[in-house]
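Just below is one structure, and these are the notes that go with it.
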Amino acid sequence: MEPLAYRMRPASLDDIVGQTHLVGKNGVIRRMVENKKLPSLILYGGPGIGKTTIAHAVASELQLPAHTFNASTDNKAFLREIIEGANKKTLVIIDEIHRMKKDIQDYLLPHVEMGRITMIGITTVNPYHSVNPAVRSRCLVYKLDALTEDDLNILLARALAKIGNPNITEEARKYLIGMANGEARSLINMLEAIGFALQEGETLTIELAQTVVQKPPINIDKNEDNYYDTLSGLHKSIRGSDVNAALHYLAKLLLAEDFLPLVRRLYCICYEDISLANPAMGPKVRAACEAALELGMPEARLPLASIVIDMALSPKSNSSLLAIDAALKDVEEGRSGNLPLHLKNTYSFDPRQKPYLYPHDYPGSWVNQQYLPDPIKDAVYYQPKDSSKYEIALKERYEAIRRAKENAKK
């Protein structure tokens, strides 16, 4: 028997569920097909949401001879064989185009440019980061959206009809939709497995569904965009002090079992969003991350969960981020100048050179003297925040120094 996913693959654009911005009534790809004009395209988005399905449906609607080339497994000789036998109506569907080797992309480019073939590239990775810019510039790039709950319910009904249309409880329906994680392919595969286990006349209950599915098909491939989207979700949740959301995204990232990007992101969050509001957080984050790297899964979840909770609930301050970015902007845009003479290490007989005043020789270890170059001697970068007792203390000293400077000018 053919796999359920194969039996359910749409033969036309009308059969496709979701992606209405591309194949719906006024969708851009539908308009192209209706006009019988198709440029080269790159379709990208998460797995199992219809990229390859749309490509094959377009070929079917336009009655184009179509060839599939998998960039991760097929070689240049196979692509050459396809192109040498092609005409201007030939459609080449390139799966995983982000994995295509540079020499193959270079070979492909002139044939796409001259219109010898029409190409539809398929990728789960943002093509603006992963596809040869020369190839990408010859294509229109369209992003597919994750399937909605309504989309998945339509697919669920279609799949149930294919496996005998059993009765299904509401709890089982919600469970399967949730476990699908926005992917048509995952939903169909789960229902196919359930169909093998389902007895004639048996109701599809949540207990049966859980017995067959066992665990959620979490989509968290460390090499794809969704991994970095999840890292971004973790970062923004900690910044927003939402401890439960932070733990949710941490749990997803832990399933990928690739700790280095996670550790780097936690270090970044610490100094970008917490920083001077809680200076003790830096050593704590480092200790927790080192413990996680030594432990590995499943024990690594313990120090990482602990530190993520601590970071999410910590006071926040981005004053140091704003300060260094303001200083960098001045330097990058040429607003600087020569180092004041009294700060140079070499002695000069220049009568303009003032003596360097050693701060520790003065009360409070501070003495009024110029440190910035003349053109920006009054520049202000650091703007303290009242985010914690520690930064309030920094602010008080900072303002006391500012007042002392103003008094010295009088």
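- A side-chain donor-acceptor contact under 3.5 Å links Asp151 and Thr148.
- In this structure, Asn75 CG and Ile104 CD1 are separated by 7.0 Å, a value rounded to the nearest 0.5 Å.
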- Task: Evaluate the side chain to side chain contact (heavy atoms under 4.5 Å, CB included) criterion for residues Val243 and Val308: first the C-alpha distance (whole Å), next the side-chain angles of each, then the deciding distance (0.1 Å), finally the verdict.
- Result: CA-CA 8 Å; Val243 67; Val308 162; 5.8 Å; no

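- Ring geometry, Phe69 versus Phe78: the interplanar angle falls under 30°, so the pair is classed parallel (tilted spans 30 to 60°).
- Summarising the local packing, CD of Glu34 is surrounded by more than 12 heavy atoms from other residues, nucleotides or ligands at distances under 6.0 Å.
- A salt bridge is absent between Asp325 and Lys329: the closest approach of a Lys/Arg side-chain nitrogen to an acidic carboxylate oxygen does not fall below 4.0 angstrom.
- Under a cut-off of 6.0 angstrom, the local environment of CZ in Arg31 is sparse, with at most 12 non-hydrogen atoms contributed by other residues, nucleotides or ligands.
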- side chain to side chain contact (heavy atoms under 4.5 Å, CB included) between Tyr44 and Thr124: does it pass, once the steps are laid out? CA-CA 5 Å; Tyr44 86 100; Thr124 56; over 6 Å; no

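- At distances below 3.5 Å, not a single donor-acceptor pair connects side-chain atoms of Asn318 with backbone N or O atoms of Leu321.
- Other residues, nucleotides and ligands contribute only 12 or fewer heavy atoms inside 6.0 Å of the NZ atom of Lys236.
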- Can Leu276 and Tyr382 be said to form a side chain to side chain contact (heavy atoms under 4.5 Å, CB included), step by step? CA-CA 12 Å; Leu276 297 175; Tyr382 177 52; 3.7 Å; yes

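- Here the side chains of Val92 and Thr118 are not in contact, with every heavy-atom distance at 4.5 Å or above.
- For Lys51 (side chain) and Asp95 (main-chain N/O), no donor-acceptor pair under 3.5 Å exists by modelled atom type.
- In this structure a side-chain-to-backbone donor-acceptor pair under 3.5 Å is missing from His56 to Ser12.
- Minimum interatomic distance between Thr205 and Thr169 (heavy atoms only, all atoms of both residues): CA-OG1, 3.8 Å.
- Contact record, Leu234 with Ala246: CD1-O, 3.3 Å, taken as the closest heavy-atom pair.
- One finds a salt bridge joining Arg30 and Asp14 here, because a Lys/Arg side-chain nitrogen approaches an Asp/Glu carboxylate oxygen to under 4.0 Å.
- In this structure the side chain of Trp366 reaches within 4.5 angstrom of the side chain of Ile401, judged on heavy atoms.
- Using modelled atom types and a 3.5 Å distance limit, the side chains of Ser319 and Glu391 yield a donor-acceptor pair.
- Within the 3.5 Å criterion, the main-chain N or O of Leu266 finds no donor-acceptor partner in the side chain of His235.
- Between Leu187 and Leu176 the shortest heavy-atom distance is CD1-O, 3.8 Å.
- Two residues are said to be in side-chain contact when any heavy atoms from C-beta on lie closer than 4.5 Å; His67 and Leu91 fail this criterion.
- Within the model, atoms CZ of Arg397 and CG of Leu394 stand 9.5 Å from one another, a figure rounded to the nearest 0.5 Å.
- Between atom CE of residue Met100 and atom OG1 of residue Thr123 there is a gap of 11.0 Å, rounded to the nearest 0.5 Å.
- Annotation: Arg286, atom CZ; neighbour count of heavy atoms from other residues, nucleotides and ligands within 6.0 Å does not exceed 12.
- Donor-acceptor pairing under 3.5 Å is recorded for the side chains of Gln369 and Tyr371.
- Closest of all the heavy-atom pairs between Ala57 and Leu13 is CB-CD2, 3.9 Å.
- Electrostatic pairing of Lys162 and Glu192 does not count as a salt bridge here, judged by no charged N lying under 4.0 Å from a carboxylate O.
- Between the Ser40 side chain and the Met119 main chain, a donor and an acceptor come within less than 3.5 Å of each other.
- Geometric assessment of Arg136 against the ring of Tyr128 yields a negative cation-pi assignment under the 6.0 Å and 45° thresholds.
- For the atom pair NZ of Lys101 and CG of Asp106, the computed distance is 13.5 Å after rounding to the nearest 0.5 Å.
- Remark: Arg185 does not engage Glu183 in a salt bridge, criterion side-chain N to carboxylate O under 4.0 Å.
- Taking all atoms of both residues into account, the shortest heavy-atom contact from Ile49 to Asp145 is CD1-O, 3.5 Å.
- For Arg403 and Glu406, the salt-bridge test fails: no basic side-chain N is under 4.0 Å from an acidic carboxylate O.
- Rounded to the nearest 0.5 Å, atoms CD1 (Ile120) and OG1 (Thr52) are 10.0 Å apart.
- With sequence neighbours excluded, the residues satisfying side chain to side chain contact (heavy atoms under 4.5 Å, CB included) with Ser241 are Lys316.
- Ser314 and Asn278 share a donor-acceptor pair across their side chains, judged by distance under 3.5 Å alone.
- The shortest distance between side-chain heavy atoms of Asn153 and Ile177 falls below 4.5 Å.
- Scanning all heavy atoms of the two residues, the minimum distance from Ser72 to Arg99 falls at CB-CD, 3.5 Å.
- Checked by atom type and distance alone, the side chain of Asp310 never pairs as donor or acceptor with a backbone atom of Ser306 at under 3.5 Å.
- With a 4.5 Å cut-off on side-chain heavy atoms, Tyr381 and Asp330 count as touching.
- Between the side chain of Gln370 and the main chain of Leu372, a donor-acceptor pair closer than 3.5 Å is present.
- Side-chain contact check for Leu304 versus Leu250: some heavy-atom pair is nearer than 4.5 Å.
- Counted within 6.0 Å of NZ on Lys76, heavy atoms from surrounding residues, nucleotides or ligands total more than 12; the atom is thus considered enclosed.
- For the ring-ring contact (aromatic ring centres under 6.0 Å, His included) condition, no pair includes a residue of residues 134-174, sequence neighbours left out.
- Residue Tyr358 places its OH atom among 12 or fewer non-hydrogen atoms of other residues, nucleotides or ligands, all under 6.0 Å distant.
- The structure places CG of Leu43 at 4.5 Å from CD1 of Ile122, a figure rounded to the nearest 0.5 Å.
- For the pair Ile274/Met311, a side-chain contact is recorded, criterion being any heavy-atom separation below 4.5 Å from C-beta on.
- A heavy-atom distance below 4.5 Å is not found between the side chains of Asp361 and Val367.
- Ion pair Glu170/Arg173 flagged as a salt bridge, since at least one NZ, NE, NH1 or NH2 atom sits closer than 4.0 Å to an Asp/Glu carboxylate oxygen.
- The residues Glu113 and Arg138 are annotated as salt-bridged, a charged nitrogen and a carboxylate oxygen being separated by less than 4.0 angstrom.
- With a 6.0 Å radius and a threshold of 12 heavy atoms from other residues, nucleotides or ligands, Asn338 has its CG atom at or below the threshold.
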